[in-house]
Amino acid sequence: MNAPSASAAQTVKLDISGMTCAGCASRLEKTLQATEGVVKATVNFALEMAEVEHLPQVAANDLVDVVSTAGFEAKERRDEAEAAKKAFEEREAHSDAEERKTFQLFALSTLLAIPLVIPMVLMAFGVQFELSGVLQFALATPIQLFVGARFYKGAFAALRHGGANMDVLVSLGTSAAYLYSVYNVFFATQAQATDLYFEASAVILTLILMGKYLEIRAKRSTSAAVRSLIALRPTTANKIVGDKIIPVGISDLRLGDYIVIKPGECVPTDGLIEEGESELDESMLTGENLPVHKNKGDQVTGGTINGAGAIFVRTTALGESTRLAQIIRLVEGAQASKAPLQKLVDKVAAIFVPVIVLIALATFAGWMLYSGDVTTAVSASVAVLVIACPCALGLATPTALVAGTGAAAKAGILIRDIEALERAHKVDTILFDKTGTLTVGKPVLTDAQAFDRNDDRLLTIAASIQLGSEHPLASALIRAAEERNLKLTRPRSIKAIPGKGLIAELTGQQVSIGNAALMKDLNVAPSMMGDGLVKTYESSGKTAVTVALGDRAIGVLAFVDQARDSAREAVESLKKQGIRTVMITGDTELAAKNIADQVGVDEFQARVQPEGKNEVVNDLKEQGYRVAMVGDGINDAPALAAADLGIAMGSGADVALETAGVTLMRSEPKMIPAALDISKATLRKIRQNLFWAFIYNIIGIPLAALGLLSPVIAGAAMAMSSVSVVTNAMLLRRWKPKNMN
């Protein structure tokens, strides 16, 4: 196997068709991994997708050829918005056709198999009725040829490329029963002519086909969340050019274009409202059922639905840079990831079929030596071949993961990968960043005290140097200045000092705004009046900052940030789960204590600098705690990355969302315990599925070898094992966050 350098590696996604079981996926994964220039390959049987990381010299078409040579079909999955949607529609059409074709074949097979089953049913009621061998042959042959063809095709493809899969087992088992019966009808003695297994081969194929049909439907159902997200991608927009409105394709839009979104229309891409207001339905992205009011200056997200008002929007993101595209990538990435246990399952599946064939041969030989009865030997060996299907093993993990992450996404919780799920399950300590997480994140200016009593001048200076800043205090200052109709001046040479404040040049003077540490660094002369005001404001739980011109303080500003209404309920829910809660903030001790008391966290740490958050996380990890960090800002990204589990609030910066293992699409604290809950539920389903898949084979194969299972019963059990695993996973689709409005 090659181990090329991963530097400058690219990733391509391929839609795979033709896989019938986990053995196929495992064989194809090995083939891709062994290809020159491939760094890493992951094949997901449940999603029928391969994700290949490769060096630039390997083209996507080369990988498609590798898949084709391995006996399967592949198409590159395009990332561009319109191409992705078109590819999605093609996949949907192909899936619909496959489902329809399978059902039609199943219906035909059932009609032909029913007459073969009737004598068995009547025998149970003491009625002796037999079909002639020739008639049984006539009924069973079309099933063997037409239904069996799909299994023969898969078996030959696998064997031709040096592998073995479920199709090999089904083909060997049913062919053995069918050919043995054909021999007895046309070539054997009269006594042997009654030893017929036509009904076994026909019913086995019919039941397995039924299982495949149900499996196709169930697999499509588990991945409904991603399909619904992709379906949200609009293809057209109404672009404003001069005084005209021109419908254009999404690919024709450019950053900064001016578009109008009419009442009831889908928002075509991310942007900022420049005119108009409306209520937008964002439930498909955030899980929030109530419409969200939007007006000038608010962000809109592509894929959401506009309400009753027309809004005029300036585009800020296109294609794969939009929030919807990021969500789809996160969800697809999570669903394509593999649990460590699944890797063990893949290894088992790779050697499973050859081992089962050996067991079947040993069973046949054993019964011949024990009883000398060919009928019993054939029956037992066919039962072994038929019952030992690795499909349930291959579906156990991915179907649960697809259903769980899909249900979470529907509720507005995006889980990056299986590792994030596993880490969430083990969390025992949660660190909250205060601002924007436990608090609303929109501080309000409550006091502006100028030392020369000219409060408007103080506010004008302070708000002016904050123009362009994204800090919550900056927004509060600018709002307050606008309410007083103050004229602001754009500053120059802006420099933000993380955890301390901001310095800028305004009309030729250095202006600074920040805490005591910044004032000390700038050698601003202490002011008894200023120090007294700061202490007074902080003692009442407010955040106080000093404004200085050069080295002279000119006033003090005070702000209040309200705790979120549901923060206390979320913290109490986490405590009931035995999780320790800690709040960290750069605010003062008294301001931090005020919020900590309101929300009920176990403890808090104040005056923590941005780099200090990372240190707090590492200190707790060194003490043996499994730490989750919840934040929403750029300065939270290092701590989110350092924590065992990073949880980003969806209203936050993109860098926080890209760093976190879990992203909450709403700034709703109650979604934090919900995220932990769905992670536990998904892992529980994975364990249940793997248990039943393994126990089914552990019990079923010995029973079949001992002659305690007929081939027909074995076929029914094998068909239903895959269906039961997928159905069990589908139960996760009913999951909903608790205590959410």
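Below, all heavy atoms of this structure are taken into account, side chains as well, without hydrogens, waters or symmetry copies. All figures in this text were calculated on a predicted structure; none of them were measured in a lab.
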Y696 vs V725 side-chain heavy atoms within contact, under 4.5 Å: no

More than 12 foreign heavy atoms under 6.0 Å from NZ of K680: is that the case here? yes

When every non-hydrogen atom of W735 is compared with those of A411, the smallest separation belongs to CZ3-CB, 4.0 Å

Value rounded to 0.5 Å, distance of CD1 in I678 from CZ in R684: 9.0 Å

State, yes or no, whether a side-chain contact exists between T405 and T682 at a heavy-atom distance under 4.5 Å. no

Are any non-hydrogen side-chain atoms of V378 and W367 less than 4.5 angstrom apart? no

Is any side-chain heavy atom of R150 less than 4.5 Å from a side-chain heavy atom of L209? yes

All heavy atoms of K685 vs all of L731, minimum pair found to be NZ-CD1, 3.6 Å

From CD1 (I686) to CG (N728), nearest 0.5 Å: 11.5 Å

Can you name the side chain to side chain contact (heavy atoms under 4.5 Å, CB included) partners of A420, sequence neighbours left out? I415, D417, R423, L645

Are side-chain heavy atoms of S175 and Y152 found at a separation under 4.5 Å? yes

Can you find a pair of side-chain heavy atoms, one from C24 and one from F72, that are under 4.5 Å apart? yes

Looking only at heavy atoms, the pair that brings L116 and F198 closest together is CD1-O, 4.2 Å

Decide yes or no for L63 and E76: does some side-chain heavy atom of the first lie under 4.5 Å from some side-chain heavy atom of the second? no

When rounded to the nearest 0.5 angstrom, what is the spacing between OG in S109 and CD in Q144? 10.0 Å

So, for L28 and A70, which heavy atoms are closest and what is the spacing to 0.1 Å? CD1-CB, 4.0 Å

Within the structure provided, determine whether V43 and M19 are in side-chain contact (heavy-atom separation under 4.5 Å). yes

Verify, without hydrogens or angle tests, whether S171 (side chain) and F151 (backbone) share a donor-acceptor contact under 3.5 angstrom. yes

Which distance, rounded to the nearest 0.5 Å, do you find between the CD1 of I701 and the CD1 of I356? 3.5 Å

What's the shortest heavy-atom distance between E51 and K13, and which atoms? OE1-CE, 3.4 Å

Check salt bridge (Lys or Arg N to Asp or Glu O under 4.0 Å) between E73 and all other residues, then give those that pass, not counting sequence neighbours. none

Please give me the minimum heavy-atom distance between P702 and N697, naming the atom from each residue. CD-O, 3.9 Å

For the backbone of G37 and the side chain of Q57, can you confirm whether one donor and one acceptor N or O come within less than 3.5 Å of each other? no

